[in-house]
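Just so it is clear, the structure is predicted and the values come from calculations on it, not from any experiment.
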Amino acid sequence: MKKMFKATAAAAMIGLLAFAAAGCGGGDKKAEHKDTAKFGVTNFADSLETTDNYFGWVVMRYGLGECLVKFDKKMNAVPWLADKWTISDDKLTWTFHINDKACFSNGTKLTGELAAASIQRTFEKAARAKSMFEYESIKGEGQNVIIKTKKPVPTLPGMLGDPLFIIVDTQTIKDRDTAKQGAICTGPYVVKSYSKAKAEMVKNEKYWDGEVPFKAVDILTIDDPNTRAMALQKGEIDFAINIAAGDLQLFNNKDKYNISSIASLRDVLARLNVRPDKPLGDLKVREALLRSLDRVTYNKVLLKDTFVPGGPYLPPSVDYGYDELYKYDKNQYNVESAKKLLAEAGWKDTNGDGYVDKNGKNLELDFVFYSGRAELPLYAEATQADAKKVGIKVNLKNVDYNVLDGIGRKGEYDLLISNVLTLQAGDPEVFMNMYLKTGQEQNGSGYSNPQFDALSDKLGVEFDPAKRRELVIEMQKLILDDAASLVFGHPQTNMVSNKSIANAEILPCDYYWLTKDIKSAN
């Protein structure tokens, strides 16, 4: 794990002090020893418009945008642009106070009115916002943002920490191409140029929250994980996100590299299309598929023990019953049971081609994946091989990440795999509902269970943490009972840097990559 850079060490470094304005009020700036850093990433976004798709993630990951709140190392919602907040006695009205120092990169002071306008813009442009919470009113009064919701929303501060709600200067939106230039935001860096392949960030000279360590950061999209590791070895980049499990050993020399690695809050899961006209609409077929897959071996051998085997819907890194639910799961690896279930469902190999069939048609499943994360094609190929052993034919379809969301919403798949953050709002409620609750925009699978929906409705208004935990565990049991989703595993996540960089630390929340804390070590 990367050691934190100490102020005493920085003070001892030889160099001239340079004085420059920092933030709206100005301040001192220490001598810079490395002007430009190079960062190797995976990138799914061809736009910097925060309300499109999940592109706000990139705006935040690249140090451009900030929200009213952020998440600490325990995924608690803590102050960021808002320095405090309160809730009314009736649990419907939240008041967020904007930090008096906060300002946009153009020097405009952030007020309650401007923050409220930004949140309203998000609701106008992004359907996903409406699926998170519904409001009666949003208004600004001085440095306060006052949000009245239609019903109690226990996790509202965390929801406003989602990059979808990055605060932008709405006064300047009409004059900008937000896809290429990004909106005017409040982060430590601003955009010099942007494309999906390469982004050039430069220092925000008016940053409000301390020193910005680099004059420039070049962010290179290197989607292939092996190529990303090679680039770090060759010195073509200074730090990189998510080095593949098989390549981490290349960076074990502590004199040359720092590895920051943690158990993530992520699932690698495949959504299952359970519509009645689809093969997986039959519960027995779903159960047979799950039982045909040796997920323990996938994670131990293919991914070198850097993933924890899946089953429960939430990872073991969060306290939502993983151990209990793993034992509860009846659909772990069991080939003979899988074959029996297929036979009971009327699927038999009548022509000797190795695949089971019914009414003259083989049991075939389209498995959609993208290759930006190293584990996804591995899981897909392993699924194809193991499913064949019980007579299920799996057709692999590799697609660009940008089309994945549309495929998911429209249900144009049998299996659709992705690597997903489970605590998007510092709480699993949004994730639990996203793909499985009836009527959710991203639920293209056809899954609908009144019991699940009822538990979700209770969760939506429950403030007590212990009761919320119980509800989430019950929802997970229903998912397992219905074989409604296929969780392959739960990954570790990492950031690796060479010795020219300090504080390149991976954090539990996957929104924060390039931060003001990552700086030159020289």
Side-chain angles (χ1 to χ4, degrees), residues 1-18 20 28-43 61-63 73 187-189 198-204 207 210-264 304 306 374 491-522:
M1 182 68 72
K2 183 84 177 116
K3 293 183 179 178
M4 294 300 291
F5 183 73
K6 300 190 180 194
T8 54
M13 291 180 180
I14 298 173
L16 297 176
L17 289 176
D28 293 342
K29 174 179 172 294
K30 294 183 178 69
E32 293 180 339
H33 301 276
K34 185 179 180 67
D35 287 340
T36 301
K38 296 184 183 295
F39 184 21
V41 303
T42 59
N43 180 18
R61 285 169 167 178
Y62 287 13
K73 291 184 178 181
Y189 295 95
K198 180 180 179 181
E200 295 176 289
M201 307 291 115
V202 294
K203 173 183 176 180
N204 174 4
Y207 188 53
E211 180 184 344
V212 180
F214 297 110
K215 289 183 178 178
V217 180
D218 293 339
I219 303 178
L220 309 177
T221 297
I222 311 173
D223 282 330
D224 179 72
N226 301 117
T227 306
R228 200 158 60 246
M230 287 176 60
L232 184 56
Q233 277 192 301
K234 292 178 179 179
E236 296 170 353
I237 55 178
D238 300 306
F239 59 119
I241 194 75
N242 287 330
I243 295 296
D247 290 331
L248 268 180
Q249 61 186 355
L250 300 173
F251 304 98
N252 284 339
N253 187 336
K254 294 182 179 179
D255 293 330
K256 293 184 177 180
Y257 302 104
N258 299 294
I259 299 175
S260 174
S261 180
I262 58 173
S264 78
K304 304 181 186 300
T306 59
Q492 292 180 8
T493 188
N494 65 70
M495 188 178 287
V496 182
S497 59
N498 63 34
K499 285 294 183 176
S500 72
I501 300 293
N503 299 347
E505 182 181 16
I506 193 68
L507 299 170
C509 187
D510 208 14
Y511 304 151
Y512 317 128
W513 288 1
L514 176 61
T515 69
K516 68 183 180 68
D517 298 316
I518 296 177
K519 59 184 67 178
S520 171
N522 299 320

Of all heavy-atom pairs between [X] and [Y], which one has the smallest distance, and what is that distance?
| X | Y | value |
| --- | --- | --- |
| Lys34 | Ser520 | CB-OG, 3.3 Å |
| Ala37 | Phe239 | CB-CE2, 4.1 Å |
| Gln492 | Ser261 | OE1-OG, 3.3 Å |
| Phe214 | Lys519 | CZ-C, 3.4 Å |
| Ile518 | Asn503 | CG1-O, 3.2 Å |
| Ala229 | Asp247 | CB-OD2, 3.8 Å |

Mutual orientation of the aromatic rings belonging to Phe251 and Tyr257 [parallel < 30°, tilted 30-60°, perpendicular > 60°]: perpendicular
Stepwise side-chain contact (heavy atoms from CB on, under 4.5 Å) check, Ile219 with Trp513: CA-CA 11 Å; Ile219 303 178; Trp513 288 1; over 6 Å; no
Donor-acceptor pair, distance only, cut-off 3.5 Å: does the side chain of [X] make one with the backbone of [Y]?
| X | Y | result |
| --- | --- | --- |
| Asp238 | Lys38 | yes |
| Asp35 | Lys215 | no |
| Asn242 | Asn494 | yes |
| Ser260 | Ile506 | yes |
| Arg228 | Ile243 | no |
| Ser264 | Thr493 | no |

Sole candidate of Asn43, Asp510, Thr515 that passes side chain to side chain donor-acceptor pair (under 3.5 Å) when paired with Arg61: Asp510
Are any non-hydrogen side-chain atoms of [X] and [Y] less than 4.5 angstrom apart?
| X | Y | answer |
| --- | --- | --- |
| Val217 | Thr36 | no |
| Asp517 | Glu505 | no |
| Val212 | Lys516 | no |

Distance-only donor-acceptor check, side chains Asn498 and Lys256, under 3.5 Å: no
Pair Ile222-Met230, side-chain contact (heavy atoms from CB on, under 4.5 Å): steps then yes or no: CA-CA 10 Å; Ile222 311 173; Met230 287 176 60; over 6 Å; no
Audit row: Ile501, Phe39, side-chain contact (heavy atoms from CB on, under 4.5 Å) steps and yes/no: CA-CA 11 Å; Ile501 300 293; Phe39 184 21; over 6 Å; no
Point-to-point distance, once rounded to the nearest 0.5 Å, from CD of Gln233 to CG of Leu250: 4.5 Å
Gap between atom CE of Met495 and atom CD1 of Ile262 - 0.5 Å precision: 10.0 Å
Worked verdict on Asn252 versus Ile259 for side-chain contact (heavy atoms from CB on, under 4.5 Å): CA-CA 8 Å; Asn252 284 339; Ile259 299 175; 3.9 Å; yes
